[in-house]
Amino acid sequence: MKSSFFFGFATITYFVAMMLYISYLAFRKSGIGVLATTITVVGFVSQTLALFLRWAEFAEVGQMGWLRAVPLTNLYESLIFFVWCLILVYLIIEFKYKNKSFGAFITPIAALALAFIDLSGMSKNIQPLVPALQSNWLLAHVMMSFISYSLFAVSFSTGLMYLIVRSEQKTEASYIFWTVTFGIFIATLAAMGLDFLTFKVAFMGKQELIKSYLFKASFRSDSPAIVAFSYAATLALIFVVWRFGGLLRKIITSFNISAEMLDELTYKSIAIGFPIFTLGGLIFGAIWADQAWGKYWTWDPKETWSLITWFFYAFFLHSRLMRGWKGRKVAAVAVLGFIAVIFTYLGVNLLLSGLHSYGGQ
């Protein structure tokens, strides 16, 4: 049986788990929570099998030995590995803290990452390694980068939940911050979905990467009226989130999730993820760059944004450990840090070009 079957099955289970976790948050039925956890575990096992099968398939095609056949050579495989790490971290948190409500905020990130694979039209084929990727440093660099990304994704979710729980007044800066961030996040996803419906579904068989038509059906349309409507709709969505955001706070607090627990999870996720990212993402990446391109640092867009991301999390730890910042200030930094991660990971590939462009194929 091929890896694609198990990847497809895992994708379906994560989407079902996401809906069940959200239902659990809304209806507070323990049976729904148990079912959500069971389906998530089944999906994780399926994805683990798929990763090993993909590894074997790549080893057979590449004929370069098992170590260099690790399936982390393109955007598709790195997204799959990111989701695998994220679900593993989530399951550890759920069993340790015995609280299933986190699933409603973490599993959507996994489901959306998998949805992005189909939305973008990226290649799922196994391709022989290009010369720049034929290095053992690639294994450590990419693997450690995506382990840290998954931990930063957890800190984003818990940081956002902290802001929701601790912001009561609509005029508070933290309340406005999370409602605007949440509204823009939903609007961006809706715009990408509209791109998919307009340029992929309406023109079946047209195989283009999403960078060819990103936001062309909304914010980057040729029609000024559609552009104006897109911005107006985004503002309206942000207003709705701002107006009814208090309902979300009541739901989260009803699950006995304390702000202290969320603050602790945010800190621990970043405290573990930051050294892994520093070592794997920057230092090992620089060594690999020297082997591949003859320079440790070239200010390639991916390298530059990786450094910007590093500064966000360095600031988080510095402000918390040296200046004693806690609560809403550092939670906002954790949310902004993951936005930088998303741009480093996907935005650079979609909107910019550089030496890492093969990673977006």
Side-chain angles (χ1 to χ4, degrees), residues 11 14-15 18-19 22 75-76 78-79 82-83 86 104-123 149 152-153 156-157 160 163-164 176-245 248 301-302 305 308-309 335-353 357 359-361:
T11 300
Y14 289 153
F15 271 101
M18 177 188 71
M19 290 186 286
I22 293 173
L75 188 58
Y76 168 68
S78 63
L79 271 172
F82 165 75
V83 171
L86 182 62
F105 289 83
I106 295 177
T107 54
I109 297 176
L112 291 172
L114 294 171
F116 181 78
I117 292 173
D118 288 325
L119 285 172
S120 64
M122 67 182 69
S123 173
Y149 286 174
F152 295 153
F156 166 79
S157 300
L160 189 63
L163 291 173
I164 294 171
I176 295 172
F177 172 79
W178 83 256
T179 52
V180 170
T181 303
F182 197 61
I184 292 175
F185 184 67
I186 295 174
T188 302
L189 292 176
M192 292 176 69
L194 194 59
D195 287 335
F196 179 74
L197 293 174
T198 305
F199 297 105
K200 299 289 283 189
V201 176
F203 300 98
M204 293 296 291
K206 191 176 183 179
Q207 299 298 321
E208 288 185 303
L209 288 175
I210 195 171
K211 64 191 303 180
S212 303
Y213 55 81
L214 184 65
F215 301 141
K216 283 287 188 181
S218 53
F219 302 104
R220 296 173 61 205
S221 171
D222 294 330
S223 169
I226 293 177
V227 173
F229 177 79
S230 300
Y231 281 105
T234 301
L235 290 174
L237 178 62
I238 292 171
F239 175 77
V240 170
V241 175
W242 175 82
R243 178 66 179 82
F244 299 102
L248 194 54
K302 182 77 79 176
W305 274 95
I308 292 171
T309 299
V335 171
L336 290 173
F338 189 65
I339 292 173
V341 169
I342 292 175
F343 190 81
T344 302
Y345 186 14
L346 298 176
V348 170
N349 284 342
L350 295 175
L351 302 174
L352 305 174
S353 60
S357 57
Q361 302 303 310

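Heads up: numbering here begins at 1 and tracks the sequence. Below, each value reflects all heavy atoms present in this structure, side chains not excepted, and no hydrogens, waters or symmetry copies.
- Ring planes of Phe219 and Phe215: perpendicular class, angle over 60° (limits at 30 and 60°).
- Between the side chain of Thr179 and the backbone N or O of Ile176, at least one donor-acceptor pair lies under 3.5 Å.
- Counting all heavy atoms, side chain and backbone alike, Ile226 lies closest to Ser218 at CG2-O, 3.8 Å.
- Listed here is the closest heavy atom pair of Leu237 and Ala187: CD2-N, 3.8 Å.
- By the side chain to side chain donor-acceptor pair (under 3.5 Å) test, Thr309 is found to be paired with Thr344, residues two or more places apart in sequence or in another chain being considered.
- Looking only at side-chain heavy atoms (C-beta outward), Ile109 and Val83 stay at 4.5 Å or farther from each other.
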Apply side-chain contact (heavy atoms from CB on, under 4.5 Å) to residues Thr107 and Tyr14 and explain how you reach the verdict.
CA-CA 7 Å; Thr107 54; Tyr14 289 153; over 6 Å; no
Test side-chain contact (heavy atoms from CB on, under 4.5 Å) on Leu86 and Phe152 and set out the steps.
CA-CA 9 Å; Leu86 182 62; Phe152 295 153; over 6 Å; no
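- A distance-only check finds a donor-acceptor pair linking the side chain of Tyr345 to the backbone of Leu79 [under 3.5 Å].
- Residues Phe105 and Ile164 form a side-chain contact, since some pair of their non-hydrogen atoms from C-beta on lies under 4.5 Å apart.
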Would you check, one step at a time, whether the test side-chain contact (heavy atoms from CB on, under 4.5 Å) holds for Ile339 with Thr181?
CA-CA 10 Å; Ile339 292 173; Thr181 303; 4.0 Å; yes
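- Considering only heavy atoms from C-beta on, Phe185 stays 4.5 Å or farther from Leu160 through its side chain.
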Show the numbers, then the answer: is there a side-chain contact (heavy atoms from CB on, under 4.5 Å) between Trp178 and Leu248?
CA-CA 12 Å; Trp178 83 256; Leu248 194 54; 4.2 Å; yes
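- A 6.0 Å sphere centred on CZ of Phe15 holds more than 12 heavy atoms belonging to other residues, nucleotides or ligands.
- Residues passing the side chain to side chain contact (heavy atoms under 4.5 Å, CB included) test with Leu235: none are found, sequence neighbours excluded.
- In this structure, the separation between OG on Ser78 and OH on Tyr149 is 9.0 Å, given to the nearest 0.5 Å.
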